[in-house]
Number of protein chains: 2
Amino acid sequence: MDQVDTRGKIVAAASYLFQTKGYAGTGLNEILRESGAPKGSLYYYFPGGKEALALAAIEQASHTMQAKVRQNLALAAEPVAAIRQVLADMIQALQNDGQLLTLSLSMLALETCHSSEPLRQACARSFREMAAIYTAKLAAGGYPPARAAEGGQLLQATIEGAIILSLTQKDTAPLQLLQSQLPDLLKPRNWQADSASGPD
Amino acid sequence: MDQVDTRGKIVAAASYLFQTKGYAGTGLNEILRESGAPKGSLYYYFPGGKEALALAAIEQASHTMQAKVRQNLALAAEPVAAIRQVLADMIQALQNDGQLLTLSLSMLALETCHSSEPLRQACARSFREMAAIYTAKLAAGGYPPARAAEGGQLLQATIEGAIILSLTQKDTAPLQLLQSQLPDLLKPRNWQADSASGPD
DNA sequence: TATTATCTAGACCGGTTGCTATAACCAGGA
DNA sequence: TCCTGGTTATAGCAACCGGTCTAGATAATA
């Protein structure tokens with residue numbers, strides 16, 4: 001096998017499988033079959049074993065996801081319109097069999113948050129970086145810094161939740177609902193009393 | 001072992017372990033150790049095996065979570081205040097080692113949405129029922145029916161996402177941010193143009 | 001007491017898991 | 001050509017996986 005590619009192929013296969021089948025649900029032999037790499041190479045490149053491989057996979061998945069989100073955000077200058085592009089891409093991914101899971105690290109994060117500190121931290125970092133991309137887009141759209149930061153994080157949470165619901169329900173409705181609710185979600189804070197407002 | 005309890009003990013152990021360690025990450029032998037039940041009983045009560053047990057576990061987890069959310073929602077009549085109680089309970093759970101995962105089925109849902117149709121459907125049903133509880137609370141607080149339905153679903157998504165981020169980051173900040181953003185999230189729709197608003 | 005249904009208990013099975021160990025292969029450089 | 005380091009290849013390991021099977025225990029009933 002081409003040496004330039006072996007490590008990369010292993011990481012690519014791991015990235016895909018960990019995202020779509022989970023950490024515990026993916027065996028190393030399956031990664032090897034998917035990548036075509038020999039078992040010796042896996043431990044040669046990742047002496048730390050499965051966990052070390054997962055760290056590399058999280059890194060790669062993060063970069064891929066972040067590049068995709070940046071690309072979609074660049075399709076419009078106005079934040080709401082741009083984030084709608086991101087969501088439209090996710091809706092498309094749900095309709096392409098099984099691809100939506102490649103846009104999230106939630107499963108891996110949930111599986112490992114109590115069982116592997118290095119993996120928990122890697123996922124946390126990935127989430128922070130993604131939230132920062134949303135934050136930057138809001139800031140570039142004129143949101144005040146503090147509001148942009150809050151919006152970025154709230155977006156992160158809501159998008160991850162909508163992905164889970166869409167996958168579970170096998171329905172784009174949660175992502176579509178989020179698209180329609182974006183203006184409220186991102187509306188700047190301009191209320192004074194926040195507990196007794198209820199509906200107007 | 002007391003026959004009245006055996007099945008229940010197996011389901012309780014399964015419910016806890018599936019929620020905290022995931023479906024693939026939990027072995028049947030571990031459930032047996034946790035419950036004290038003999039292996040023969042597991043297959044006696046669940047001839048369908050692991051998947052059948054998981055269906056019962058999802059049912060039980062759902063009921064437990066729904067009861068808890070209803071209890072918390074009942075602490076205040078006004079929806080925002082009530083939902084803040086729910087979130088406060090979650091924040092408390094995060095601070096009690098490992099308990100927050102018992103308030104979510106997201107991990108199990110993600111793991112099984114492509115690999116088991118019965119389990120996907122059971123999780124989907126659980127999510128729908130939970131969203132309906134939120135919806136009912138909003139409606140009882142005076143939200144128009146359509147708005148209450150949207151709010152319930154958006155809440156569902158955002159809460160699940162905030163749970164994941166809080167667990168991954170080992171920090172209550174995402175749940176706390178959601179608490180503070182609730183009025184905006186649930187604000188009724190009163191805008192006309194939704195794409196060029198940006199910040200005021 | 002015998003029968004029957006329910007439930008318990010645990011040995012066993014083939015397969016998979018992550019990892020170890022070791023030898024062989026291969027390309028590049030002296 | 002020989003040497004060396006990087007890489008490949010594969011056998012083997014203990015443990016675990018979900019599930020099967022069978023006998024025994026128990027309680028209720030005729």
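The chains referred to below are lettered A, B, ... by the order of the sequence lines, with proteins before strands, and numbering in each begins at 1.
- Using a 4.0 Å cut-off on heavy atoms, the residues of residues 48-56 of chain B that approach DNA chain D are Gly49(B), Lys50(B), listed by number.
- Taking atom CZ of residue Phe46(A) and atom P of nucleotide dC19(C), one finds them 13 Å apart after rounding to whole Å.
- For Glu129(B), the salt bridge (Lys or Arg N to Asp or Glu O under 4.0 Å) partners are Arg125(B), not counting sequence neighbours.
- Going from atom OH of Tyr44(A) over to atom C1' of dT10(D) covers 18 Å, rounded to whole Å.
- Side-chain contact between Val11(B) and Tyr45(B): absent, with no pair of heavy atoms (C-beta onward) separated by less than 4.5 Å.
- The ring-ring contact (aromatic ring centres under 6.0 Å, His included) search around Phe127(B) returns none, not counting sequence neighbours.
- A side-chain N or O of Ser104(B) and one of Glu160(B) form a donor-acceptor pair less than 3.5 Å apart.
- Side-chain atoms of Tyr45(B) lie closest to dT8(C) of the nucleotides dT8(C), dT8(D), dT20(C).
- Per the geometry, CG belonging to Leu28(A) stands 11 Å off C1' belonging to dT16(C), to the nearest Å.
- The salt bridge (charged side-chain N to carboxylate O under 4.0 Å, His left out) pairs that include a residue from residues 25-47 of chain B are Lys21(B)-Glu30(B), where partners are two or more places apart or lie in different chains.
- Remark: Ser41(A) is not in phosphate contact with dT7(D), judged by side-chain N or O atoms under 4.0 Å from OP1 or OP2.
- Less than 4.0 Å separates DNA chain C from at least one heavy atom of each of the following residues of residues 12-27 of chain A: Thr26(A), Gly27(A).
- Look at CG on Asn29(B): it is 13 Å from P on dG10(C), rounded to the nearest Å.
- When atom types are taken as modelled, the side chain of Glu78(B) and the backbone of Val80(B) share a donor-acceptor pair closer than 3.5 angstrom.
- Rounded to an integer number of Å, the gap from OH of Tyr43(A) to P of dT20(C) is 7 Å.
- Taking the side-chain hydrogen bond (donor to acceptor under 3.5 Å, both in side chains) definition, one finds that Arg128(B) meets it with nothing, sequence neighbours left out.
- The distance between atom CZ of Arg7(A) and atom C1' of dG6(D), rounded to the nearest whole Å, is 15 Å.
- In the set dG18(D), dT8(D), dT8(C), dG18(D) carries the atom at the smallest distance from any side-chain atom of Lys39(B).
- dG6(D) atom C1' lies 16 Å from atom CG of Asp5(A), rounded to whole Å.
- Checking the phosphate oxygens (OP1, OP2) of dT8(C), a side-chain nitrogen or oxygen of Thr6(B) falls inside 4.0 Å.
- Counting to the nearest Å, the P atom of dC17(D) and the CZ atom of Arg33(B) are 7 Å from each other.
- Here the side chain of Ser35(B) pairs a donor or acceptor atom with the backbone of Leu32(B) at under 3.5 angstrom.
- Looking at Thr112(B), Thr20(B), Leu101(B) one by one, the single match for side chain to side chain contact (heavy atoms under 4.5 Å, CB included) with Met107(B) turns out to be Leu101(B).
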